[in-house]
2 protein chains.
Amino acid sequence: MAGVIHIVDDDASFRTAIERRLKKAGYVVATYPSAQHLLDCLPSENELGCILLDVRIPGLSGPELQGRLSEIGSILPIVFLTGYADVQTTVRAIKAGAEDVLTKPVSSEELLAAVERALAHHQLMRGQRNQLEIVRALIAKLTPREREVFELVIRGKTNKQVANALGATERTIKAHRHRVMEKLQVQSLAELVSLAERAGILSSPSGTGQTN
Amino acid sequence: MAGVIHIVDDDASFRTAIERRLKKAGYVVATYPSAQHLLDCLPSENELGCILLDVRIPGLSGPELQGRLSEIGSILPIVFLTGYADVQTTVRAIKAGAEDVLTKPVSSEELLAAVERALAHHQLMRGQRNQLEIVRALIAKLTPREREVFELVIRGKTNKQVANALGATERTIKAHRHRVMEKLQVQSLAELVSLAERAGILSSPSGTGQTN
DNA sequence: TTTTCTATTGTCCCATGGGACAATGCGAAC
DNA sequence: GTTCGCATTGTCCCATGGGACAATAGAAAA
């Protein structure tokens, strides 16, 4: 699987060694002497890739960089490279979403296998994220009012109930509802609910408080 | 948080030592000299608990036991206790769902903190699993025919379309649909779709192939 | 054999959803 | 000042959903 491998390590000779091995395997490589360098020049999320990250580096540490990237919504998989076995750190890194943790020195098989897994994972994640973003983008196009109607409709409210809740005529709700279905490109209520569920809306059921 | 801690370790003196520490902290403790012993006498999933599991034990290893438990659907959190730092094993354990990995000798703070996290996690998981099981149980009560109707309805098919698809009258579908709503205890299509989504049905959209 | 469950279908009727066609009022942008 | 997007509401009409009441038929269970 082709991809860009981002190596973050303060040890220049190590970077070069790893870079050479990866390039030989056909990967595109970018190297960074520190976490900050990577943050300053954020890799595009649009191309397949992963990060090979040293745990202990001057300045921002590996796990710290992991946290920053996570905060800004990055889904670039991270493979940690650590000088010595530290179970505590390993556990935290994996739980924080790291793809793998390898110990130096790392064999080429280990390294390449981990990178392949990371790239495959990134592939998957990107697919999922794209789906989600497409849906979110559609929802973002709703006007505030349409959004309100949307929220109630996907919870099973009838037009009449929505009308009462929002202080408008049933006819008006019908119009909003129509535009919602149009903008979200769905033909049925089922699809609308399904879409809302996938978009992460709809967490609290909020029953069907009959108030005809 | 009260709970039953299941200790699996072949070292009797270690078991006893940990047991004493946990009992002092107010936990109920059960000890097992091997993974097989725990499998033979499976802890009830109904009570809050977690497993303290040695990685290297004669017979079934810790990770192997983890695999077995996972296969049979156990959600008891596992905290591994390992004699020496093994990053490879640690990564696998955590990725396989282990709650934590601690190295021996383990401090009481570390141990108790991990146990508390494990219990809290178990609490959460049990809640989620119960929700899911309630829904699944409801769905399981559907007759085969009702199930077919259900599957199509939650994908946005109209009664007419379902009738054509299943070779029955629209009226018949209406009857089935009614019983589905009744059995699944929902009042609206939106709730039905929502429920299906939560139950894990509904993965492939399968559009709204208009075939009136 | 009788009961029970499941699947099937009917009719009558009303509430709800949704398309077509049309229009008004109000801010904000140009 | 005019245009544009948004919210609002109307009427007419039809398709669909869904409740009420009722009934038939086959298969499985008691």
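Only a predicted model underlies this, so the values are computations on that prediction, with no experimental measurement involved.
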Check: protein-nucleotides 20-28 of chain C nitrogen or oxygen pairs below 3.5 Å:
unit_1, atom_1, unit_2, atom_2, d
C:dA20, N6, A:R171, NH2, 3.3

*asked:* According to salt bridge (charged side-chain N to carboxylate O under 4.0 Å, His left out), who are the partners of A:E151, at least two apart in sequence or on a separate chain?
replied: A:R147, A:R155
Could you list the donor-acceptor pairs under 3.5 angstrom formed between side-chain atoms of residues 64-73 of chain A and any protein atom two or more places apart in sequence or on another chain?
unit_1, atom_1, unit_2, atom_2, d
A:E64, OE1, A:S61, N, 2.9
A:Q66, NE2, A:A93, O, 3.1

*Side-chain N or O of A:N159 less than 4.0 angstrom from OP1 or OP2 on C:dG17?*
yes
*Pair B:E148 + B:R145: basic N to acidic O under 4.0 Å*: yes
*Please round to 10 degrees the angle between the axis of the first five pairs and the axis of the last five pairs in the helix from C:dT1-D:dA30 to C:dC30-D:dG1.*
40°
*Whole-Å gap separating C1' (D:dG17) and NZ (B:K157)*: 18 Å
*Is any side-chain nitrogen or oxygen of B:K160 closer than 4.0 Å to OP1 or OP2 of D:dT16?*
yes
_Listing request: all salt bridge (charged side-chain N to carboxylate O under 4.0 Å, His left out) pairs with a residue in residues 31-45 of chain B, at least two apart in sequence or in separate chains._
none
*Using atom CD of B:Q187 as one end and atom P of D:dG18 as the other, report the distance to the nearest whole Å.*
11 Å
_B:D54: which residues meet the salt bridge (charged side-chain N to carboxylate O under 4.0 Å, His left out) condition with it, sequence neighbours left out?_
B:K104
Show me the protein contacts with nucleotides 23-29 of chain D, counting only N or O atoms at under 3.5 Å.
none

*Go through the structure and list residues passing side chain to side chain donor-acceptor pair (under 3.5 Å) with A:D10, not counting sequence neighbours.*
none
*Got a sec, which residues hit salt bridge (charged side-chain N to carboxylate O under 4.0 Å, His left out) with A:K141, two or more places apart in sequence or on another chain?*
none
*Taking only residues at least two apart or on different chains, which pairs with a member in residues 117-135 of chain B satisfy salt bridge (charged side-chain N to carboxylate O under 4.0 Å, His left out)?*
B:D100-B:R117, B:R129-B:E133
*Send over the distance from B:L142 CG to C:dC5 P, rounded to a whole Å.*
16 Å
For nucleotides 4-8 of chain D, which of its nitrogen or oxygen atoms have a protein nitrogen or oxygen under 3.5 Å away, and what is each distance?
unit_1, atom_1, unit_2, atom_2, d
D:dA7, OP1, A:T143, OG1, 3.0
D:dA7, OP1, A:R145, N, 3.2
D:dA7, OP2, A:T143, OG1, 2.4
D:dT8, OP1, A:R145, NE, 3.2
D:dT8, OP1, A:R145, NH2, 3.0
D:dT8, OP2, A:R145, NE, 2.8
D:dT8, OP2, A:H176, NE2, 2.8

_Return whichever of B:K174 or B:E170 has its heavy-atom-nearest nucleotide of DNA chain C closer to the 5' end._
B:E170
*How would you list, by chain and number, every residue that makes a salt bridge (charged side-chain N to carboxylate O under 4.0 Å, His left out) with B:R20, sequence neighbours excluded?*
none
